[in-house]
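As the structure lists them, so they are numbered: ligands from 1, and atoms in each ligand from 1.
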Amino acid sequence: MDDCIFCKIIKGEIPSYKVYEDEVVYAFLDISQTTPGHTLVVPKKHVKDIFEYDADLAAAVFARIPKIARAIKASDPAIEGMNILNNNGEVAYQSVFHSHFHLIPRYQDDDFRIQFVNKQEQYDDAKYQAVLDKITKQL
Ligand code: 5GP
Ligand code: ZN
């Protein structure tokens with residue numbers, strides 16, 4: 001895609017700190033370095049978000065992630081874990097509309113925060129079932 005910043009990075013038209021490349025993915029340091037080693041794994045094929053993947057592309061892209069994740073983890077003994085995030089849609093904090101996976105290494109006492117709010121007390125069996133029915137009838 002002509003006006004896509006990640007397509008330009010993949011083609012080498014915009015410089016990047018390349019972590020890994022093969023025929024399916026391009027991985028590079030996220031400019032923001034939320035934590036040291038923060039890496040983006042991007043399919044070379046321009047897909048906007050997770051809703052545009054077919055099963056083969058999803059399988060091929062995710063097949064590359066463990067190897068890259070292990071290399072990042074092995075790069076620094078201070079890395080104790082990793083969040084893998086994929087934002088889809090502006091409401092979900094996607095800002096670049098060429099799909100990508102964030103690999104965010106985690107260190108003791110780093111300042112990266114994600115909050116999962118537990119709303120379990122607002123749900124009874126009927127409410128779980130209603131939510132479930134709406135989803136499963138689309139599959
Ligand atoms: P999103 O918010 O879409 O999930 O993530 C987009 C990410 O792309 C952000 O974390 C941002 O720092 C990163 N980013 C945006 N522009 C560039 C760029 O030109 N180079 C690199 N390396 N990262 C970028
Ligand atoms: Zn693109």
Out of all atoms in ligand 1, which are within 4.0 Å of some heavy atom of [X]? Include the element for each.
X: Ile5; value: 16 (N), 19 (O)
X: Ser32; value: 10 (O), 12 (O)
X: Phe6; value: 8 (O)

Which label fits His98 and His46: parallel for a plane angle under 30°, tilted from 30 to 60°, or perpendicular past 60°? perpendicular
Ring-plane angle category for Tyr128 and Tyr123, please: parallel below 30°, perpendicular beyond 60°, tilted otherwise. tilted
Select the closest option to atom 17 (C) of ligand 1 among Asp30, Leu29, Ile31, judged by heavy-atom distance. Ile31
For [X] and ligand 1, does the shortest N/O to N/O distance drop below 3.5 Å?
X: His100; answer: yes
X: Phe28; answer: no
X: Leu40; answer: no
X: His102; answer: yes
X: Val96; answer: yes

From the N, O or S atoms in His46, identify the one nearest to the Zn ion (ligand 2). ND1
Of all N, O or S atoms in His98, identify the one at the shortest distance from the Zn ion (ligand 2). ND1
Quick one: does Ile9 get a heavy atom under 4.0 Å from ligand 1? yes
Please determine if Arg64 and Glu23 form a salt bridge, counting it only when a charged side-chain N lies under 4.0 Å from a carboxylate O. yes
Lys73 with Glu80: basic N within carboxylate O range, under 4.0 Å: no
Protein heavy atom at shortest distance from atom 3 (O) of ligand 1: Ser95 N, 2.7 Å
Validation row: His100, Val41 side chains within 4.5 angstrom (heavy atoms): no
Heavy-atom side-chain contact between Asn83 and His102 under 4.5 Å: no
Identify the residue among Ile72, Ile68, Thr39 that makes a side chain to side chain contact (heavy atoms under 4.5 Å, CB included) with Tyr20. Ile68
What verdict does the side-chain hydrogen bond (donor to acceptor under 3.5 Å, both in side chains) test give for Tyr26 and Ser16, after you've listed the backbone C-alpha separation in whole Å, the side-chain angles of each residue and the deciding distance to 0.1 Å? CA-CA 10 Å; Tyr26 191 92; Ser16 66; 2.9 Å; yes
Assess the pair Phe62 and Tyr53: is the distance between their ring centroids shorter than 6.0 Å? no
Work out the angle at the Zn ion (ligand 2) between SG of Cys7 and SG of Cys4, rounded to 10°. 120°
